[in-house]
Amino acid sequence: MVDLKNFTPTEILVYNYLISHSDEVMHLSIRQLAVTIHVSSASIMRCIKKMNYDSFYEFKFSLKQKKLALQDKELAGTFNTEIFDLGTEYFDRPLLQQYSHELNAFKKLVKDTNKILFFGIGTSGTLAQYGARQFSNFRINAFYNVDPFYPLPYDLDRDSNQIAILLSVSGETAEVIKEAVKLKEQKFHIVSITNNSYCTLARLSDVNFSYNVKPEVINETLNITTQIPVIFILESLARNIGKNPTKVEKLHQSRPH
């Protein structure tokens, strides 16, 4: 709330115009506004500063943001905005700081690896396929599996320099846990992406990326927890390897011809 006690009559005139004609003000320069109100540009700037803005540009930017916020509030009555709130809350975090240790650990694993296997079931299976495709886009030797009963290819079974990236929201799905145990026995390095870091799958992993968003289940069995963070993590991993030409070439050369 602006205290008008220290405003001159001219500044109050400017203030009233700014507040009551905000849409028009956003499209005017300070000179055009001065002509419209019949005051000097200096009077407008004195008013702007008493409103706690450093410049006319900053004031107009604030008007625009307030208008957008009002429009969002009006639209909120028409649309379900929960996913916008969840996405905003996640990306407002200091993500590079949050994942810096995990990213460094992942890079060390990848340094000596020539194959990457993705695994998941249900929605996580779809994202496992997406992750393999993203890695392949960077010419990285990546595969995916969505069937816990599917036998591993012979060359994967015998290779000790390999990573398995397992996706699971809860990190407690029995089939995923069994797959993680089986892969560890076959000398895979386990990297997991889960909603929390204290689940069983996270504890079985060499590296765990957790995203910690609100879990959501409908109809008792359908997990609809947002997977926006998972896509972000997968693309971050792919791009971090993709920026390493030596590593990409090594992974590419290991593809069967």
Side-chain angles (χ1 to χ4, degrees), residues 58 61-62 64-76 79-111 116 118-135 137-138 140 142 163-173 176-177 180 189-218 222-244 247:
E58 183 183 345
F61 180 78
S62 176
K64 183 177 180 181
Q65 294 303 107
K66 289 177 180 177
K67 182 178 180 180
L68 291 174
L70 181 60
Q71 290 173 342
D72 268 357
K73 187 175 181 180
E74 292 172 350
L75 287 171
F79 302 104
N80 184 323
T81 61
E82 187 173 19
I83 190 64
F84 294 95
D85 297 335
L86 289 170
T88 300
E89 187 275 331
Y90 178 74
F91 287 111
D92 276 347
R93 302 176 194 172
L95 293 175
L96 187 56
Q97 181 178 343
Q98 177 178 335
Y99 293 131
S100 60
H101 174 76
E102 289 79 4
L103 284 170
N104 284 328
F106 181 74
K107 283 185 174 183
K108 288 180 181 178
L109 287 181
V110 169
K111 183 179 179 182
I116 298 178
F118 287 82
F119 179 82
I121 297 174
T123 301
S124 293
T126 301
L127 289 172
Q129 181 177 356
Y130 177 79
R133 177 54 189 258
Q134 280 295 313
F135 275 55
N137 286 343
F138 285 97
I140 296 166
I163 290 176
I165 299 180
L166 277 68
L167 286 67
S168 174
V169 177
S170 69
E172 300 293 349
T173 306
V176 178
I177 300 304
H189 297 291
I190 304 297
V191 176
S192 62
I193 302 176
T194 59
N195 192 31
N196 65 73
S197 59
Y198 49 83
C199 61
T200 302
L201 179 58
R203 294 198 299 267
L204 286 170
S205 305
D206 298 272
V207 181
N208 171 254
F209 292 86
S210 59
Y211 41 98
N212 301 295
V213 298
K214 175 185 174 184
E216 294 183 87
V217 177
I218 60 174
L222 295 177
N223 194 318
I224 61 166
T225 302
T226 180
Q227 297 295 278
I228 291 173
V230 177
I231 295 174
F232 169 76
I233 293 169
L234 288 171
E235 294 199 11
S236 296
L237 297 181
R239 289 171 182 270
N240 269 276
I241 302 176
K243 298 298 182 182
N244 184 342
K247 182 61 198 172

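Predicted model only: the values in this text are computed from it and were never measured.
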Original post:
Going by heavy atoms in the side chains, are His189 and Leu109 under 4.5 Å from each other?
Top reply: yes

Original post:
Minimum heavy-atom separation for Tyr211 to Pro229, with atom names?
Top reply: CB-CB, 3.5 Å

Original post:
Out of Thr126, Val230, Ile233, which one pairs with Leu167 under the side-chain contact (heavy atoms from CB on, under 4.5 Å) rule?
Top reply: Val230

Original post:
Any side-chain heavy-atom pair from Val191 and Ile163 closer than 4.5 angstrom?
Top reply: yes

Original post:
Are Glu235 and Tyr130 linked by a side-chain donor-acceptor pair shorter than 3.5 Å?
Top reply: yes

Original post:
Between Asn208 and Thr194, does any side-chain donor sit less than 3.5 Å from a side-chain acceptor?
Top reply: yes

Original post:
Of all heavy-atom pairs between Ser192 and Ala202, which one has the smallest distance, and what is that distance?
Top reply: OG-CA, 3.9 Å

Original post:
At what distance, to the nearest 0.5 angstrom, does CG of Leu127 lie from OG of Ser168?
Top reply: 11.5 Å

Original post:
Is the ring centre of Tyr99 less than 6.0 Å from the ring centre of Phe209?
Top reply: yes

Subject >> Crowding at CD, Gln97 (>12 non-hydrogen neighbours, <6.0 Å) >> reply: no

**OP:** Run the numbers on Thr200 and Val176 for side-chain contact (heavy atoms from CB on, under 4.5 Å), then give the verdict.
**Re:** CA-CA 10 Å; Thr200 302; Val176 178; over 6 Å; no

Original post:
CG of Leu166 to CZ of Phe119: how many Å apart, nearest 0.5 Å?
Top reply: 6.5 Å

Subject >> Where Val207 and Ala105 come nearest, the two heavy atoms and their spacing >> reply: CG2-CB, 3.7 Å

**OP:** Please tell me if the side chains of Asn240 and Phe106 come closer than 4.5 Å, counting only heavy atoms from C-beta onward.
**Re:** no

Subject >> More than 12 heavy atoms from other groups under 6.0 Å of CZ on Arg93 >> reply: yes

Subject >> Val213 vs Asn195 side-chain heavy atoms within contact, under 4.5 Å >> reply: yes

Subject >> 4.5 Å side-chain heavy-atom contact, Ile228 and Leu86 >> reply: no

**OP:** Measure across Ala142 and Ala132 and return the closest heavy-atom pair with its distance rounded to 0.1 Å.
**Re:** CB-O, 3.8 Å

Original post:
Would a 4.5 Å heavy-atom cut-off, applied to side chains only, mark Asn212 and Asn196 as touching?
Top reply: yes

**OP:** Please round to the nearest 0.5 Å and tell me the distance separating atom CG of Leu237 and atom CD of Glu102.
**Re:** 10.5 Å

Original post:
Quick one: CG on Asp85 to OG1 on Thr226, what's the gap to the nearest 0.5 Å?
Top reply: 11.5 Å

Subject >> Check ion pair Lys214-Glu89 (N to O, under 4.0 angstrom) >> reply: no

**OP:** Flag the pair Phe232 / Phe91 as yes when at least one side-chain heavy-atom distance between them is below 4.5 Å, and no otherwise.
**Re:** yes

Original post:
To the nearest 0.5 Å, how far apart are CZ in Arg203 and CD1 in Ile177?
Top reply: 8.5 Å

**OP:** Start with the C-alpha distance between Leu204 and Ile190, add both sets of side-chain angles, then the distance that settles side-chain contact (heavy atoms from CB on, under 4.5 Å), and finish with yes or no.
**Re:** CA-CA 7 Å; Leu204 286 170; Ile190 304 297; 5.6 Å; no

Subject >> Distance-minimising heavy-atom pair for Ser124 and Gln227 >> reply: OG-OE1, 4.4 Å

Original post:
Does some side-chain heavy atom of Val169 sit less than 4.5 Å from a side-chain heavy atom of Thr123?
Top reply: no

Subject >> Approximate separation, where rounding is to 0.5 Å, of Gln129 CD and Arg133 CZ >> reply: 9.5 Å

Original post:
Is it true that atom CG of Leu96 has more than 12 heavy atoms of other residues, nucleotides or ligands lying nearer than 6.0 Å?
Top reply: no

